[in-house]
Amino acid sequence: DGADITLPPNTRPGTLADLTIPIVNDALIATAPAASLAFTELDANRNKITFHTSGSTGAPKLIDKTLDTLQLESETLHRAFGPRLGAGPVHATVSHQHLYGLAFRLLWPLAAGVPFDARTDAVWETLLPKLHAATSIVSSPAHLTRLAGLEPIPQSHAPTLILSAGAPLSTEAARTAQTFFGRLPTEIFGSTETGAIATRRQHHGDEPWTSFPDTEIRTDSQDRMTVRTPYTDGWQQTQDVIEPLPTGFRFLGRVDRIVKVEGKRVSLPAIESALQSLPLVEEAAVITLPGLPTRLGAVLVLTPKGQTEQVALGVYHFTRHLRRLLSAHLEPAGLPRLWRIADSLPTRAMGKRNDAAIAALLQATN
């Protein structure tokens with residue numbers, strides 16, 4: 001809120017641990033002579049920032065991050081991506097009020113001596129004119145899936161690094177971003193509880209995630225991932241179901257997204273993937289409907305071809321057509337019973353899907 005951040009003289013990217021960053025408030029400068037301002041070193045183990053999050057289990061919780069843990073995460077990011085971080089500035093479509101935005105668009109560039117834009121660009125139209133070959137972008141699927149209709153930027157203005165977090169990008173969205181910006185987005189996997197733990201770029205489509213060095217991963221009897229990093233307090237249990245791999249893991253979905261329908265174990269992400277593989281569907285969200293027996297509902301964003309066929313067939317016959325196409329890949333238990341066509345999928349902050357809004361869309365069809 002109006003604070004000025006001053007770096008020590010001769011600060012350049014390199015060793016992060018030696019940086020001491022005094023923060024001087026504008027009001028303090030206005031009311032005291034500069035010579036009388038005295039700084040005391042912050043206690044990195046006691047001074048902290050508290051994040052509010054829904055948590056992995058959905059229960060509201062507060063998560064404390066000390067300056068020491070935030071510093072350690074910045075060092076991890078610099079080791080992983082420092083060579084690809086340009087001279088700046090770093091631009092962002094996400095807020096610093098989430099851990100991802102704070103760590104990637106503010107703390108890491110600040111510690112690395114790279115300038116960053118304090119403004120958040122809510123739309124591409126305000127960000128794109130600022131880009132050149134030394135810039136980087138901190139973004140999310142909520143924005144990287146909204147490039148349609150924009151002219152690809154000149155290759156001379158392509159940013160050195162495009163980061164995305166909050167949810168996995170679809171392969172189609174990753175390829176679209178590559179065409180638009182001239183390079184693939186670098187995706188980040190993590191949470192407020194764990195911080196950043198893995199990364200990937202989709203050179204071939206839906207690649208597994210590669211863990212950061214010093215990140216330890218194990219699974220329990222339900223294949224849920226548990227994580228320990230240098231910047232977490234012990235092992236952190238998640239609700240992410242994974243397939244462990246020698247260098248990382250393949251993300252299979254959340255525990256609450258694997259459900260039983262007609263006595264069969266059904267993966268909702270697998271149904272969404274099957275729908276999105278059809279040339280008629282651009283995006284899909286599948287959820288369980290209230291009541292018993294368990295039924296599935298789907299909200300779809302159609303491709304231009306899908307929109308044409310929907311108009312020609314009508315919604316009822318079009319969705320029956322989709323069920324027939326899906327039946328070649330899925331068992332009957334995995335076929336949605338209720339459908340809704342939308343212009344876009346409702347999302348919350350950071351591009352995370354808003355299941356409550358999706359459920360409301362489906363209920364509106366009853």
Check the side chains of [Y] and [X] for a donor-acceptor pair under 3.5 angstrom, ignoring hydrogens and angles.
X: Arg84; Y: Thr186; result: yes
X: Thr160; Y: Ser136; result: yes
X: Thr347; Y: Asn354; result: no
X: Gln202; Y: Thr171; result: yes
X: Thr194; Y: Thr232; result: no
X: Trp108; Y: His78; result: yes

Identify the two heavy atoms, one from [X] and one from [Y], that lie closest to each other, and give their separation to 0.1 Å.
X: Val114; Y: Gly88; value: CG1-CA, 3.8 Å
X: Glu125; Y: Leu150; value: OE2-CD2, 3.5 Å
X: Gln222; Y: Val255; value: OE1-CG1, 4.3 Å
X: Val301; Y: Leu345; value: CG2-N, 3.8 Å
X: Tyr231; Y: Lys65; value: O-NZ, 4.3 Å
X: Phe51; Y: His98; value: CE2-C, 4.0 Å

Roughly how far, to the nearest 0.5 Å, is [atom2] of [Y] from [atom1] of [X]?
X: Ile63; Y: Leu99; atom1: CD1; atom2: CG; answer: 8.5 Å
X: Arg295; Y: Arg337; atom1: CZ; atom2: CZ; answer: 9.0 Å
X: His91; Y: Leu131; atom1: NE2; atom2: CG; answer: 6.0 Å
X: Thr319; Y: Leu338; atom1: OG1; atom2: CG; answer: 9.0 Å
X: Leu184; Y: Ser164; atom1: CG; atom2: OG; answer: 11.5 Å
X: Phe180; Y: Leu144; atom1: CZ; atom2: CG; answer: 10.0 Å

State, with a plain yes or no, whether a side-chain heavy atom of [X] is found less than 4.5 Å away from one of [Y].
X: Leu252; Y: Asp223; answer: no
X: Arg146; Y: Ser344; answer: yes
X: Leu302; Y: Phe318; answer: yes
X: Gln237; Y: Asp220; answer: yes
X: Thr219; Y: Phe249; answer: no
X: Lys260; Y: Thr294; answer: no

Ser139 vs Thr93, side chain to side chain donor-acceptor pair (under 3.5 Å): CA-CA, chis, key distance, verdict: CA-CA 5 Å; Ser139 191; Thr93 66; 2.8 Å; yes
With the 4.5 Å side-chain cut-off for hydrophobic clustering, are Phe81 and Leu106 part of the same group? yes
Check: Val94 main-chain N/O paired with Arg105 side-chain donor or acceptor under 3.5 Å: yes
Lys/Arg-Asp/Glu bridge criterion (N-O < 4.0 Å) met for Asp240, Arg224: no
In this structure, are over 12 heavy atoms from other groups packed under 6.0 Å from Lys48 atom NZ? no
Using distance only, find each side-chain donor-acceptor pair of residues 320-330 under 3.5 Å and give its atom names and separation, not counting sequence neighbours.
| residue | atom | partner | partner atom | Å |
| --- | --- | --- | --- | --- |
| Arg323 | NH1 | Pro336 | O | 2.7 |
| Ser327 | OG | Arg324 | O | 2.6 |

